[in-house]
Amino acid sequence: MAAQKDQQKDAEAEGLSATTLLPKLIPSGAGREWLERRRATIRPWGTFVDQQRFSRPRNLGELCQRLIRNVEYYQSNYVFVFLGLIVYCVVTSPMLLVALAVFFGACYILYLRTLQSKLVLFGREVSPVHQYALAGGISFPFFWLAGAGSAVFWVLGATLVVIGFHAAFHQIEAMDGEELQMEPV
């Protein structure tokens, strides 16, 4: 136990602690644990983008094998590519930034209001789930005007293209205990 704390202090002194690198806005729980697991399994970015490791697959079998193995091997890197494309999409769309600000502002106001007292409409208490649904309903026109639907499909399409090309053309990493495979003559 003491050895783990010493290692954590050493890592924090070097600035490598997961708790210091993760945003404070992400609450403790399943989401934060998932993100920490993803960060722990990131493969080196140098090998991920090494241009000398890219080549055209010889046949369809090798293409399929590369796709499967690279998606398994670089899964965490691909998650961060996806998150980077989301950030790029949001930052380059000012209306989408406004729509997100309206939505999160409404959620924050509802959160502060529930801390003070419970919201009662027409003599009935409104649950937090219904309050957040109301915030989503209020901000829906802003998302529609900002083109959030097309932004979602752009991010999904760009992610599939980038990850697909990387996984198809990046040579497979040699793994420990890998069997020798015979090539057909």
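Just so we're clear, the structure is a prediction, and the values are computed from it rather than from any experiment. In this chain, numbering begins with 1 at the start of the sequence shown.
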Clusters formed by hydrophobic residues whose side-chain heavy atoms approach within less than 4.5 Å: which one holds [X], and what are its other members?
X: Ile68; answer: none
X: Phe54; answer: Val161, Phe165, Phe169
X: Leu115; answer: Tyr108, Leu110, Tyr111, Leu112, Tyr132
X: Leu60; answer: Leu63, Leu67

When hydrophobic residues are tied together by side-chain contacts of less than 4.5 Å, even through go-betweens, does Phe143 share a cluster with Leu134?
-> no
May I ask whether Tyr88 and Val81 are part of the same hydrophobic cluster, defined by side-chain heavy atoms of I, L, V, M, F, W, Y residues being less than 4.5 angstrom apart, directly or through others?
-> yes
Do the side chain of [X] and the main chain of [Y] share a donor and acceptor less than 3.5 angstrom apart?
X: His166; Y: Val49; value: no
X: Arg43; Y: Tyr73; value: yes
X: Ser139; Y: Ala135; value: yes

Write down the atom of Ala151, the atom of Leu96, and the distance for their closest heavy-atom approach.
-> CB-CD2, 4.0 Å
Between Asn70 and Ala167, the two heavy atoms sitting closest are ND2-O, 2.9 Å
Flag the pair Leu83 / Val87 as yes when at least one side-chain heavy-atom distance between them is below 4.5 Å, and no otherwise.
-> no
Can you sort out the partners of Trp144 under ring pair (Phe, Tyr, Trp, His ring centres under 6.0 Å), two or more places apart, ordered by chain and number?
-> none
Phe142 meets the ring pair (Phe, Tyr, Trp, His ring centres under 6.0 Å) criterion, sequence neighbours left out, with none
May I ask you to check if Arg38 and Phe80 form a cation-pi contact, with NZ or CZ under 6.0 angstrom from the six-membered ring centre and within 45° of the axis?
-> no
Please determine which of Asn77, Val162, Val155 meets the side chain to side chain contact (heavy atoms under 4.5 Å, CB included) test together with Phe82.
-> Val155
